[in-house]
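Only one structure is covered here, and it is reproduced in the block below.
Bear in mind that the values here come from a model prediction, so they are computed numbers and not experimental data. Every chain is numbered from 1, with letters handed out A, B, ... down the list of sequences.
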There are 2 protein chains.
Amino acid sequence: MDQVDTRGKIVAAASYLFQTKGYAGTGLNEILRESGAPKGSLYYYFPGGKEALALAAIEQASHTMQAKVRQNLALAAEPVAAIRQVLADMIQALQNDGQLLTLSLSMLALETCHSSEPLRQACARSFREMAAIYTAKLAAGGYPPARAAEGGQLLQATIEGAIILSLTQKDTAPLQLLQSQLPDLLKPRNWQADSASGPD
Amino acid sequence: MDQVDTRGKIVAAASYLFQTKGYAGTGLNEILRESGAPKGSLYYYFPGGKEALALAAIEQASHTMQAKVRQNLALAAEPVAAIRQVLADMIQALQNDGQLLTLSLSMLALETCHSSEPLRQACARSFREMAAIYTAKLAAGGYPPARAAEGGQLLQATIEGAIILSLTQKDTAPLQLLQSQLPDLLKPRNWQADSASGPD
DNA sequence: GTCTATATGACGATAGAC
DNA sequence: GTCTATCGTCATATAGAC
């Protein structure tokens, strides 16, 4: 362990700035300044430079986001109610902090998917893992495996899109709309028709 | 009009580069080089500099995307089939051109929504207009106005998310999944149940 | 491990010739 | 309308002292 975990402070600041201002829009000097980390230590911890730092930042952000989603999903056994909690948490975060948030890797993914293969793959991996979390929740809620997988992926796409719209419009309406439409999205058919212990 | 529409060439190149490499990631020199426009003419046409150029580029991109969507929507009267055409066109574009495309303003929206109010508003306007196009199609297909509005907005969020996932994964699967799930998404209840089409 | 100093280049933007 | 030249600033990255 380092003195005060200088490396960790750098990654934390990088994670926030890369998510809010983008990869190209964030300078290394700004990251050092924001982190309060010693100025000479960046290339000591990240000999690979900006790209290596961004890789660590993406992985840390992904981990944090996954933990948050899991935590909210655990608040309800029934999938629709659980995902509503996830959305409610995002809405509250947006309302509390007018600033840009750490809700999505979309900007980094779009920026890097044609300029850096390692960073692109890190984002793709994060997206896959997040979809898997939703899928697992649906499966645990009684959805047949194939339907749960479809639902988890579609859910993630929709949530990602709603986050972008809410941020762009500076209005949580898109996320709230998704919240209200969730039952329809997740129960297009009676997936649990044959089961006596279905949700709702 | 100008000699060979130098301004138009600059905007076209800027529109492509800003969408694929981002606002911060695209240099003015690169835009001039790509456009083949005379090197001294950028600040003649855009005294407002990079931001003014980006504003024009966003508006042009938005107009192009809207025209494309309208064109595909017109291929079928029934909303689900029509939107399938829109998605099919996007999938084909992705498959034909491994390069990044001009399918979405999301990266620009995320980049600028906290750094430039004019650019943020331009992106927000584009998103609203695109949602309105989907809403109009649903309404024309017989959906009650309120349901059409909800469906249009949700549809746009989902499509935007699916584009991002497809680009990041370099795989059209997310868009194809959305294509296959469209009927469920747009018919959560029997909206067109003849005369008595009121949910709840 | 952390610091200063710096190499090297790209950036946005401007001035003035033609 | 277009060009060249350039200013000042910032970027990433490196070298070497301590």
D/dC3 OP1/OP2 closer than 4.0 Å to side-chain N/O of B/Ser41: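 False: B/Ser41 side-chain N/O out of range (4.0 Å or more) of D/dC3 OP1/OP2.
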D/dG1 phosphate, OP1 or OP2, under 4.0 Å from B/Tyr44 side-chain N/O: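 Yes, B/Tyr44 has a side-chain N/O under 4.0 Å of OP1/OP2 on D/dG1.
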Once you round it to whole Å, what is the distance between [atom2] of [N] and [atom1] of [X]?
{"X": "B/Lys39", "N": "C/dG12", "atom1": "NZ", "atom2": "C1'", "result": "16 Å"}
{"X": "B/Ile31", "N": "C/dA10", "atom1": "CD1", "atom2": "P", "result": "16 Å"}
{"X": "B/Leu32", "N": "C/dA10", "atom1": "CG", "atom2": "P", "result": "16 Å"}
{"X": "B/Lys9", "N": "D/dG1", "atom1": "NZ", "atom2": "P", "result": "15 Å"}

Pairs where residues 65-76 of chain A contributes a residue and the test salt bridge (Lys or Arg N to Asp or Glu O under 4.0 Å) is met, not counting sequence neighbours: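 For residues 65-76 of chain A, and leaving out neighbouring residues, the salt bridge (Lys or Arg N to Asp or Glu O under 4.0 Å) pairs sorted by first residue read A/Lys68-A/Asp89.
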Qualifying residues under side chain to side chain donor-acceptor pair (under 3.5 Å), relative to A/Arg120, sequence neighbours excluded: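 Checked A/Arg120 against side chain to side chain donor-acceptor pair (under 3.5 Å); matches are A/Glu117.
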Residues which pass side chain to side chain donor-acceptor pair (under 3.5 Å) with A/Ser116, listed by chain and number, not counting sequence neighbours: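 If we apply the side chain to side chain donor-acceptor pair (under 3.5 Å) test to A/Ser116, skipping adjacent residues, the hits are A/Glu51.
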Partners meeting side chain to side chain contact (heavy atoms under 4.5 Å, CB included) with A/Ala13 (sequence neighbours left out):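 Listed in chain order: A/Ile31, A/Glu34, A/Ser35.
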Minimum-distance nucleotide to B/Tyr45 side chain [options: C/dG1, D/dT2, C/dT4]: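 So the nucleotide nearest the side chain must be D/dT2.
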Pairs meeting criterion ring pair (Phe, Tyr, Trp, His ring centres under 6.0 Å) with involvement of residues 22-42 of chain A, two or more places apart: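 For residues 22-42 of chain A, and leaving out neighbouring residues, the ring pair (Phe, Tyr, Trp, His ring centres under 6.0 Å) pairs sorted by first residue read A/Phe18-A/Tyr23.
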Tabulate atom names and distances for all N/O pairs under 3.5 angstrom spanning the protein and nucleotides 10-17 of chain D.
unit_1 : atom_1 : unit_2  : atom_2 : d
D/dA11 : OP2    : A/Asn29 : ND2    : 3.3
D/dT12 : OP1    : A/Thr26 : O      : 3.4
D/dT12 : OP1    : A/Leu28 : N      : 3.2
D/dT12 : OP1    : A/Lys50 : NZ     : 3.2
D/dT12 : OP2    : A/Leu28 : N      : 2.7
D/dA13 : OP2    : A/Tyr43 : OH     : 2.8
D/dA13 : OP2    : A/Lys50 : N      : 3.0
D/dA13 : O5'    : A/Tyr43 : OH     : 3.2

A/Gln176 and A/Ser180 side chains, donor-acceptor separation under 3.5 Å: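 No - no donor-acceptor pair under 3.5 Å links their side chains.
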